[in-house]
Amino acid sequence: MISLDCWKNSRYTALETLGPQLIYDLNRSDLIALLASWGQPAYRALQVWQGLYRQFYYAPEQFTSLPKSLRDRMSTELSFGSAAPKLSLDSSDGQTRKTLFELRGGQLIEAVLMRYEKRRTLCISTQAGCAMGCVFCATGQMGFQRHLTSGEIVAQVIYYARSLAAEGLSVTNVVLMGMGEPFHNYDSTMEAIDRLNDSEGYNFGARRFTISTVGLVPAIRRFADEQRQVNLAISLHAADDDSRLAMMPVNRRYKLAELIDACHYYFEKTGRRVTFEWALIHGVNDTLETARKLAVLLKGLNCHVNAIPLNPTAGYSGQATSRERATAFKLALEQAGIPCTIRMRRGIDIHAGCGQLAGSVMGSEGE
């Protein structure tokens, strides 16, 4: 596990050995400057930009409105292949698809598409592996490999946007809740969101993004100061320091009082509600006593608890709570004035939990 201090130095610098510049790593200004250095007018950059983010082109030859000489140079000097789909699995109900991608450096990451009646939600990765070490999380059990570049984060969304467009559909929500801790890779994560939010490109609304963090307090305060319209979710899972430390090593560095204080600061700066994620584990954090303790902890904060029965992993012996215990937990919170939703688990049959598919593939390849 690496130090939690390194969120301050989280910008990933692409290795030269990975080949040509990844086109998704360029923001619109970068692209204009690059093409200008090639002797191309600014409108050519806009054509490329909209080809990437509106038509979802994935190869230079698809940009038929561009001169062949420019397409040839793009093919030589830019990479369109940030991540290659290695494996896709569909749940038995057809509502969830998980895709395993292989990055240019050989690392594996995951992204998940979840279909609901009126929504198509993506859960995407910001790192290969994770340094946070949460004991119930398959990615945490895997350890940290590297940060993703902003373009590698963007490319996961564009991959699924292209797939849905073929059905006449679109992505409605993006949660940065897959492999990795987004605030540990702060700069690349925010650059990816800004790129996808660009009005001349994909134009995906900021309020349709949700960032999930284990609670890196300095990053939460930085995020609050930037006053973005992006939603914030905190992986909480325990209502006292000892219990949380047993599950989440981050609590050694940032105690609950400091974390909750940062959440109050976030609301004061942005006026936006905080969501708390709570994995309901049988006999661990699903009791009425825990619910009452949690209600005291969150009293006075504009928040919502999003509880979900645990997705089991091979490296953790805990089991999901029962429907009855989950309902009782929810009722206890609501009686104390804390809004709570029980979220259904999705894609259990395809290892849809964070890091589960990559972990199983890496394990089988190592045999």
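Keep in mind the model is a prediction, meaning the values are calculated, not measured. Index from 1, following the sequence. These values consider heavy atoms only, across backbone and side chains, with no hydrogens, waters or symmetry-generated copies.
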Scan His184, Gln107, Arg146, Glu152 and name whichever one has a side-chain hydrogen bond (donor to acceptor under 3.5 Å, both in side chains) with Gln127. His184
Could you please spell out the steps behind the side-chain hydrogen bond (donor to acceptor under 3.5 Å, both in side chains) verdict for Asp225 and Tyr265? CA-CA 9 Å; Asp225 288 337; Tyr265 180 78; 2.4 Å; yes
For a side chain to side chain contact (heavy atoms under 4.5 Å, CB included) check, start with the C-alpha distance between Leu164 and Ser170, then their side-chain angles and the critical distance, and finish with the verdict. CA-CA 6 Å; Leu164 287 169; Ser170 60; 5.8 Å; no
Is the shortest distance from a Lys or Arg side-chain nitrogen in Asp241 or Lys255 to a carboxylate oxygen in the other one below 4.0 Å? no
How close do Ile220 and Gly215 get, counting heavy atoms only, and between which atoms? CD1-CA, 4.0 Å
Can you list every side chain to side chain donor-acceptor pair (under 3.5 Å) pair that touches residues 32-44, not counting sequence neighbours? Arg44-Gln47
Test side-chain hydrogen bond (donor to acceptor under 3.5 Å, both in side chains) on Thr126 and Glu181 and set out the steps. CA-CA 7 Å; Thr126 55; Glu181 161 57 55; over 6 Å; no
In terms of hydrophobic clusters joined by side-chain contacts under 4.5 Å, are Leu78 and Ile32 together? no
Do you reckon Val274 sits in the same ILVMFWY cluster as Leu256, going by side-chain contacts under 4.5 Å, direct or chained? yes
What heavy-atom pair brings Glu277 and Arg343 nearest, and what distance separates the two atoms? OE1-NH1, 3.2 Å
State plainly whether one hydrophobic cluster holds both Leu280 and Val135, where clusters connect Ile, Leu, Val, Met, Phe, Trp and Tyr through side-chain heavy atoms under 4.5 angstrom apart. yes
Decide whether Arg195 and Ser150 meet the rule of one side-chain donor and one side-chain acceptor closer than 3.5 Å. yes
Starting from Met190, can I reach Tyr24 by hopping between I/L/V/M/F/W/Y residues whose side chains sit under 4.5 Å apart? yes
Are any side-chain N or O atoms of Asn173 and backbone N or O atoms of Arg119, one a donor and one an acceptor, separated by less than 3.5 Å? no
Sorted by chain and number, sequence neighbours left out, salt bridge (charged side-chain N to carboxylate O under 4.0 Å, His left out) with Glu268 holds for none
Using distance alone, with no hydrogens and no angle criterion, decide if Gln21 and Ser79 have a side-chain donor and acceptor under 3.5 Å apart. no
Ion pair present between Lys68 and Asp72, side-chain N to carboxylate O less than 4.0 angstrom? yes
Reported CH2-to-CG distance for the pair Trp278 and Leu310, which is rounded to 0.5 angstrom: 13.0 Å
Correct closest heavy-atom pair for Ile153 and Ser125 would be CG1-O, 3.8 Å
Determine the minimum heavy-atom distance between Gly151 and Leu22, stating which atoms define it. C-CD2, 3.9 Å
Residue His304 excluded, over 12 heavy atoms near NE2 under 6.0 Å: yes
Determine whether Asn231 and Ile211 satisfy the following criterion, side chain to side chain contact (heavy atoms under 4.5 Å, CB included), listing intermediate values before the conclusion. CA-CA 6 Å; Asn231 300 305; Ile211 291 179; over 6 Å; no
With the threshold set at 4.0 Å, does a side-chain nitrogen-carboxylate oxygen contact exist between Lys269 and Glu226? no
Connected via hydrophobic side-chain network under 4.5 Å: Leu89 and Leu108: yes
Does atom OH of Tyr58 have more than 12 heavy-atom neighbours, drawn from other residues, nucleotides or ligands, at distances under 6.0 Å? no
Between Asn197 and Phe204, is there a donor-acceptor pair closer than 3.5 Å when you use the side chain of the first and the backbone of the second? yes
Between Arg71 and Glu61, is there a salt bridge with N-O shorter than 4.0 Å? no
Checking side chain to side chain contact (heavy atoms under 4.5 Å, CB included) for the pair Leu46/Glu200: CA distance, chi angles, key distance, verdict? CA-CA 8 Å; Leu46 184 60; Glu200 293 292 339; 4.0 Å; yes
Salt bridge check: are Arg222 and Asp187 linked by an N-O gap of less than 4.0 Å? yes
Take atom CZ of Arg207 as the centre, draw a 6.0 Å sphere, and report whether it contains more than 12 heavy atoms from other residues, nucleotides or ligands. no
Given the rule in the side-chain hydrogen bond (donor to acceptor under 3.5 Å, both in side chains) test, do Thr172 and Arg208 qualify, once you have shown the distances and angles that lead to the verdict? CA-CA 7 Å; Thr172 61; Arg208 294 195 282 159; 5.8 Å; no
Thr99 and Tyr159, any side-chain heavy atoms less than 4.5 Å apart: yes
Going by heavy atoms in the side chains, are Thr210 and Thr275 under 4.5 Å from each other? no
Identify, with sequence neighbours excluded, every residue that meets salt bridge (charged side-chain N to carboxylate O under 4.0 Å, His left out) alongside Arg325. Asp286
Give me the atom names and distance for the closest heavy-atom approach of Ile124 to Gln156. CB-OE1, 3.5 Å
We want to know whether Asp25 and Thr149 form a side-chain donor-acceptor pair, criterion being a heavy-atom distance below 3.5 angstrom. yes
Surrounding CD of Glu289 (heavy atoms of other residues, nucleotides or ligands, distance under 6.0 Å), is the total greater than 12? no
Can we say Asp194 and Arg28 salt-bridge, meaning some charged N sits less than 4.0 Å from an Asp/Glu carboxylate O? no
Answer yes or no: does atom CZ of Arg252 have more than 12 heavy-atom neighbours from other residues, nucleotides or ligands under 6.0 Å? no
For a salt bridge (charged side-chain N to carboxylate O under 4.0 Å, His left out) check, start with the C-alpha distance between Arg253 and Glu258, then their side-chain angles and the critical distance, and finish with the verdict. CA-CA 10 Å; Arg253 179 63 185 276; Glu258 188 177 359; over 6 Å; no
